[in-house]
Amino acid sequence: MVNKVKWQQEWVGTTMNQKDFLTIGECTPDELMSLLDDALYMKKLQKQGVPHPYLSGKVLGLIFEKSSTRTRVSFEVGMLQLGGHAIFLSSKDIQLGRGETASDTAKVLSRYVDGLMIRTFSHTSIEEFAQSATVPVINGLTDLHHPCQVMADLLTILEHKGKFAGLKMCYVGDGNNNMAHSLIEGAVKVGMNISVACPEGYEPNEVILHQAKLASKQTGGSVIVTNNPIEAVKNADVVVTDVWTSMGMEDEHEARLQAFQAFQVNEELCQHAKKDYIFLHCLPAHRGEEVTAEIIDGNHSVVFDEAENRLHAQKAILKALMS
Ligand code: CP
Ligand code: NVA
């Protein structure tokens with residue numbers, strides 16, 4: 001039996017100003033730090049085998065319009081550990097995939113469940129979905145953002161480096177994808193300096209970049225974009241990359257292989273980082289493309305800690321939005 005009084009006394013509260021979790025940019029630095037604190041706290045409880053059923057009896061719907069390993073499993077397991085339940089809804093199986101509108105789907109599902117996570121294509125779709133839903137909506141990845149992944153990345157950096165302020169993060173690869181955008185937003189919100197190295201024509205979304213630069217003025221962080229990977233990696237504490245061809249862009253694969261050749265994270269490039277740098281990749285990875293095996297499987301890589309932290313970071317998000 002769970003000792004209800006005991007775990008309720010140990011509550012580490014995180015309140016969010018917004019109903020949904022769609023981008024990192026919408027959160028304040030305090031909210032992000034509070035979520036990370038709570039994630040660390042629940043990670044400790046879980047490792048110690050202490051029950052923490054903050055979402056007892058609550059149900060989360062998981063809608064996937066793209067493939068997933070980590071997001072699906074970490075949300076399902078996370079809900080179970082929080083005392084709730086998750087329902088996997090592939091768009092191939094539900095009426096959404098046969099043309100039922102996102103708005104009707106959101107309104108109907110809101111009558112059954114206490115929260116919804118969606119992985120979809122356009123970011124506008126999730127915004128429209130969230131507007132129609134009366135329950136919290138969590139972004140499980142859109143073409144523009146991957147905020148849950150970046151919360152896990154921040155948690156991993158905090159665990160390995162013990163701080164954010166003044167750290168240099170370097171992202172090498174597709175500057176215009178979901179990971180690059182959420183990393184830019186996350187890094188500046190917690191006071192890190194982020195350098196993005198990408199080929200010409202693959203620079204980050206201008207609006208996201210502009211807003212991150214504004215946010216950095218208040219946090220002491222910074223963001224720069226360059227076409228020179230060596231300059232970006234120089235003295236980096238954290239080196240990050242992601243696939244060159246994201247889900248939904250498969251038609252561009254050959255062109256991207258050519259465009260990104262000089263942007264592989266390999267031993268030669270990483271010699272320019274700090275001696276104790278850590279390497280992050282959200283996974284799935286393509287060894288021999290965006291990263292070599294010696295880097296992703298080497299001593300600096302913390303990619304499996306990072307993958308595990310999806311579970312802990314998301315439990316904090318779920319608890320903040322649904323309890
Ligand atoms: N990193 C990540 O989101 O993995 P999945 O695509 O497996 O969910
Ligand atoms: N940028 C990648 C991330 C996968 C988790 C994609 O969208 O495919």
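We count ligands from 1, going down the list as the structure has it; atoms in each ligand are counted the same way. As a basis for the values below, the full set of heavy atoms in this structure was taken, side chains included, without hydrogen atoms, waters or symmetry mates. Since we're looking at a predicted model, the values are computed, not measured.
The salt bridge (charged side-chain N to carboxylate O under 4.0 Å, His left out) contacts involving residues 171-186 comprise Asp174-Arg256, where partners must be two or more places apart or lie in separate chains.
At a 4.0 Å heavy-atom cut-off, the residues surrounding ligand 1 are Ser68, Thr69, Arg70, Thr71, Arg119, His146, Gln149, Cys282, Leu283, Arg310, listed by chain and number. Using a 4.0 Å heavy-atom criterion, the residues that approach ligand 2 are Leu141, His146, Asn177, Asn178, Asp242, Val243, Ser246, Met247, Cys282, Leu283.
In this structure, the ring of Tyr202 has its center less than 6.0 angstrom from the ring center of Phe260.
Checking each of His253, Glu254, Glu250 against Thr245 for a side-chain hydrogen bond (donor to acceptor under 3.5 Å, both in side chains) leaves exactly one that passes, namely His253.
With sequence neighbours left out, Lys107 forms a salt bridge (Lys or Arg N to Asp or Glu O under 4.0 Å) with no residue at all.
Lys315 places no side-chain N or O within donor-acceptor distance of the main-chain N or O of Ser74, the cut-off being under 3.5 Å. Side chain of Thr105 to backbone of Thr101: a donor-acceptor contact under 3.5 angstrom is found.
The two residues Cys198 and Glu203 make their nearest non-hydrogen contact at SG-CA, 3.7 Å. Residue Asn205 comes nearest to His181 through the heavy atom pair N-NE2, 3.0 Å, listed as atom of the first residue, atom of the second, then distance.
With respect to Lys66 and Asp143, a salt bridge is recorded, a charged nitrogen being found less than 4.0 Å from a carboxylate O.
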